[in-house]
Number of protein chains: 2
Amino acid sequence: MKWTELRQQTCPVARGLSVVGDRWTLLVLRDCFFGIRRFEQFQERLGITRHVLADRLRTLESGGLLRREAYQDRPVRHEYRLTDAGRAFFPTLVSLMDWADTHVPSETGHSVTLVSTDTGDPIRPLLVDQTSGAPVTVRNTRALAQGEPSDKAG
Amino acid sequence: MKWTELRQQTCPVARGLSVVGDRWTLLVLRDCFFGIRRFEQFQERLGITRHVLADRLRTLESGGLLRREAYQDRPVRHEYRLTDAGRAFFPTLVSLMDWADTHVPSETGHSVTLVSTDTGDPIRPLLVDQTSGAPVTVRNTRALAQGEPSDKAG
DNA sequence: CAGGTCAGTTCTAAATTAGAACTTACGGTA
DNA sequence: TACCGTAAGTTCTAATTTAGAACTGACCTG
């Protein structure tokens, strides 16, 4: 399976990965949420090769997560800004951050804390069902393919 | 930056990606949540090359998400089962699925629906703060590096 | 005009992946 | 005993991707 095939898969996870299923893509995206917008800044912070950075920015742009925007003429200079679809990715990134914070050990201890803009209190992320408020876990959910009446999924 | 360097980063997103920052790794993990456990099954379902599959299973095992377990002797045959850390990754995968379902268009329409095991009702995932119940968005949260008093992060 | 900045592109060598065949260790069948 | 099949890999070569570094325009400043 190649990247192009991934995009045409039925499973949304596969389709999602066709855009963000690469470490550099996700690190670029993370930096976007930290307010980074320009080529040189990404390159310096990430230590990514310029070639790959250019490629990943194109991927994110064509995937609809970033918008390339001129911030000056003469010479034309562009910056990359999050779109609504890009901002909508935030919970996924936070989920990953939260998981890694707990399950991928760090020798430096806690490193990044998410706090509320309002209260300044630390945030403990939890994925719930919007209507019932119940936490989403392997145990209490089941994945159904369209048209599939019942099948094991946990 | 190489995969080994990624693991030593301060940022939990980078550390997380040192384990799951690869499309195949995440597709293998997805199939684990669908109940797949054996080498041949993964290989057939994913169309991944056997070489890469063996490598990704090792990555997931050494990352603590999967446990390699003998299910028979003579000849010894192993299967790969989710650990607690692996199961804890579920919300992240669901977040990704939910994001992609909305933001990466599919020609086949909705494909996978998550339903409650109890009620059978469809689940609408939402990331909230565990204590306040408020949704986690770019706007109402700020990332603080350890020791960093205040900085832009959205 | 020399030097610097920004956003890339181009180059070669190294690493990774695809695709297919091969290996090991069995168990069953003729 | 020889042959077939299964499971879980390993090994092989060729193609693709990445790393690392230098180069390219198009401008700006002194």
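Naming convention: chains lettered A, B, ... in sequence-line order (proteins, then strands); numbering from 1 in each chain.
Taking the ring centre of Tyr71(A) as origin, the terminal cationic atom of Arg37(A) falls outside the region bounded by 6.0 Å and 45° from the ring axis.
In this structure, the CZ atom of Arg23(A) is 14 Å from the P atom of dA15(C), given to the nearest Å. Spacing between atom CD of Glu79(A) and atom P of dG8(C) amounts to 12 Å, rounded to whole angstrom units. For Gln43(B) and dA8(D), the CD to C1' distance is 11 Å, given to the nearest whole Å. Computed from coordinates, the Asp22(A) CG to dT16(C) P distance equals 14 Å when rounded to whole Å. The distance from atom CD1 of Ile48(A) to atom C1' of dT17(D) is 13 Å, rounded to the nearest whole Å. What separates CD of Glu44(A) from C1' of dC6(C) is a distance of 13 Å, to the nearest Å. Distance CG (Leu57(B)) to P (dA8(D)): 10 Å, rounded to an integer number of Å. Atoms CG (Leu53(B)) and P (dA18(C)) sit 11 Å apart, rounded to a whole Å.
By the 30° and 60° cut-offs, the orientation of the rings of Phe90(B) relative to Phe33(B) is tilted.
Distances were taken from every side-chain heavy atom of Trp24(B) (C-beta onward) to each of dA18(C), dA8(D), dT18(D); the shortest belongs to dA18(C). Listed nucleotides dA18(C), dG9(D), dA7(C) differ in distance to Val52(B); the shortest reach to its side chain belongs to dA18(C). Distance from the side chain of Arg58(A) is smallest to dT9(C) among dA7(D), dA7(C), dT9(C).
Map Arg68(B) and Arg56(A) each onto its nearest nucleotide of DNA chain D; the residue landing nearer the 5' end is Arg68(B).
With a 4.5 Å cut-off on side-chain heavy atoms, Val104(B) and Trp99(B) count as touching. Here the side chains of Val13(B) and Val112(A) are not in contact, with every heavy-atom distance at 4.5 Å or above.
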So which protein nitrogen or oxygen atoms get under 3.5 Å of nucleotides 20-27 of chain D's nitrogens or oxygens?
from	atom 1	to	atom 2	distance (Å)
dC27(D)	O3'	Arg74(A)	O	2.9

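Note on Tyr71(A): only backbone sugar-phosphate atoms sit closer than 4.0 angstrom, heavy atoms only; bases stay farther off. Heavy atoms of Phe42(B) sit nowhere under 4.0 angstrom from any nucleic acid atom.
Applying the 6.0 Å contact sphere to CD of Glu44(B) captures no more than 12 heavy atoms from other residues, nucleotides or ligands. Around the CD atom of Glu69(B), the shell of radius 6.0 Å holds more than 12 heavy atoms that belong to other residues, nucleotides or ligands.
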